[in-house]
Amino acid sequence: DLQKLFITQAKKTEEREWLSEVSAIPLQQSLNDLNQAYQNFFKSTQGKRKGRPVRPPKFKSRKSKQTARFTKGGFKVGQDKVYLAKIGKLKIVWSRELPAAPSSVTVIKDPANRYFLSFVVEIIPEILPQTDNSVGIDLGIKTFATFSDGTKIDAPKPLKKRIKKLRKLSKSLSHKTKGSKRYEKARIRVAKFHGKLKDTRTDFLHKLSTEIIRENQTVVLEDLNVSGMVKNQDRKSTRLNSS
């Protein structure tokens, strides 16, 4: 019913005729995502979903991350190009080869106007070598993690070395008129800066987690709210500074 209302019938109106310019597949997938989001929300409020409380879905800002998912029939994968329905062929740079034919592809645009393709591929799980090794991991604030054998892991702090550049970019953005072309260019520069910081942290987490699971059969973690610990630490620092 929603697809008929928001896709088929909406295309016939003057306000929504632009929907005809894009493939119907991402539009259908967006409604599927909305349906799943509301199901998660209602199950959470009824106590039928484990974990943290789920908030109701909300509209995303055009300046935040945007996605569009294409399922089978809406895309084709070539050697150095990917065809997307009603978009055409896109030249891409592979980060790695696909191990099998993908069932769907998601086009991701981040706040820095960078585009990525994320593929869903079904593969046979890799059989890791059997080992009796086990490790306990203690997450902390000053030290990212401490292993049970005494090894300490420090997280990268890319912002610490580039804080001056961030201040300069933020100051330049604050001096621009919101909505102007210069403001948008300055906003993208700030977004690209944060994007590089995020990439550094994500790369560190992926490499560390891969190393841990390859070398250990059992991994034990404390059930702690690390984000809450960090917030409490920030509040204490603020109180000390204010006093």
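None of these values were measured; they are calculated from a predicted model. All heavy atoms count here, side chains included; hydrogens, waters and symmetry mates do not.
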Item to check | Ser172-Lys168 side chain donor-acceptor pair, cut-off 3.5 Å | outcome: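 There is no such pair between these side chains.
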Checklist entry - Any chance the side chains of Asn40 and Gln36 put a donor and an acceptor closer than 3.5 Å? => result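 Indeed, the side chains of Asn40 and Gln36 share at least one donor-acceptor pair under 3.5 Å.
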Please report the interatomic distance [atom1]([X]) to [atom2]([Y]), rounded to the nearest 0.5 Å.
| X | Y | atom1 | atom2 | result |
| --- | --- | --- | --- | --- |
| Phe116 | Thr106 | CZ | OG1 | 13.5 Å |
| Gln39 | Arg49 | CD | CZ | 10.5 Å |
| Lys11 | Trp18 | NZ | CH2 | 11.0 Å |
| Lys157 | Phe204 | NZ | CZ | 11.0 Å |
| Arg114 | Ile188 | CZ | CD1 | 12.0 Å |
| Lys185 | Arg182 | NZ | CZ | 8.5 Å |

Side-chain contact, heavy-atom cut-off 4.5 Å: [X] with [Y]?
| X | Y | answer |
| --- | --- | --- |
| Leu169 | Lys165 | yes |
| Asn32 | Gln3 | yes |
| Asp154 | Thr143 | yes |
| Leu84 | Val105 | yes |

With a 3.5 Å distance limit and no angle check, can you tell me whether [X] reaches the backbone of [Y] through a side-chain donor-acceptor pair?
| X | Y | answer |
| --- | --- | --- |
| Arg201 | Pro158 | no |
| Thr200 | Lys196 | yes |
| Thr202 | Asp199 | no |

Single-linkage hydrophobic cluster [X]~[Y], side-chain heavy atoms < 4.5 angstrom:
| X | Y | answer |
| --- | --- | --- |
| Ile87 | Val22 | no |
| Tyr83 | Leu117 | no |
| Ile123 | Val120 | no |
| Val121 | Val107 | yes |
| Phe144 | Val220 | no |

Checklist entry - Using 30° and 60° as the class limits, which term best fits the ring planes of Phe75 and Phe119: parallel, tilted or perpendicular? => result tilted
Next on the checklist: Students often mix this up, so state it plainly: with edges at 30° and 60°, are the rings of Phe42 and Tyr38 parallel, tilted or perpendicular?
Outcome noted: parallel
Checklist entry - Please walk me through it: do Val135 and Thr151 pass side chain to side chain contact (heavy atoms under 4.5 Å, CB included)? => result CA-CA 10 Å; Val135 63; Thr151 303; over 6 Å; no
Checklist entry - Looking at Ile25 and Arg69, what are the two nearest heavy atoms and their distance? => result CG2-O, 3.9 Å
Checklist entry - If you take all heavy atoms of Leu173 and Arg187, which pair is closest and at what distance? => result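 For Leu173 and Arg187, the tightest heavy-atom pair comes out as CD1-N, 3.6 Å.
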Checklist entry - Should Lys198 and Asp110 count as an ion pair when the cut-off is N to O under 4.0 Å? => result no
Item to check | Basic-acidic side-chain contact under 4.0 Å: Glu184, Lys181 | outcome: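 Salt bridge: no.
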Next on the checklist: Taking side chain to side chain contact (heavy atoms under 4.5 Å, CB included) as the definition, give me every residue that meets it alongside Pro26, ordered by chain and number, with sequence neighbours left out.
Outcome noted: Ser23, Ala68, Phe70
Checklist entry - Hey, what else clusters with Val93 if you join Ile, Leu, Val, Met, Phe, Trp, Tyr whenever side-chain heavy atoms sit under 4.5 Å? => result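 Result for Val93 is none, singleton.
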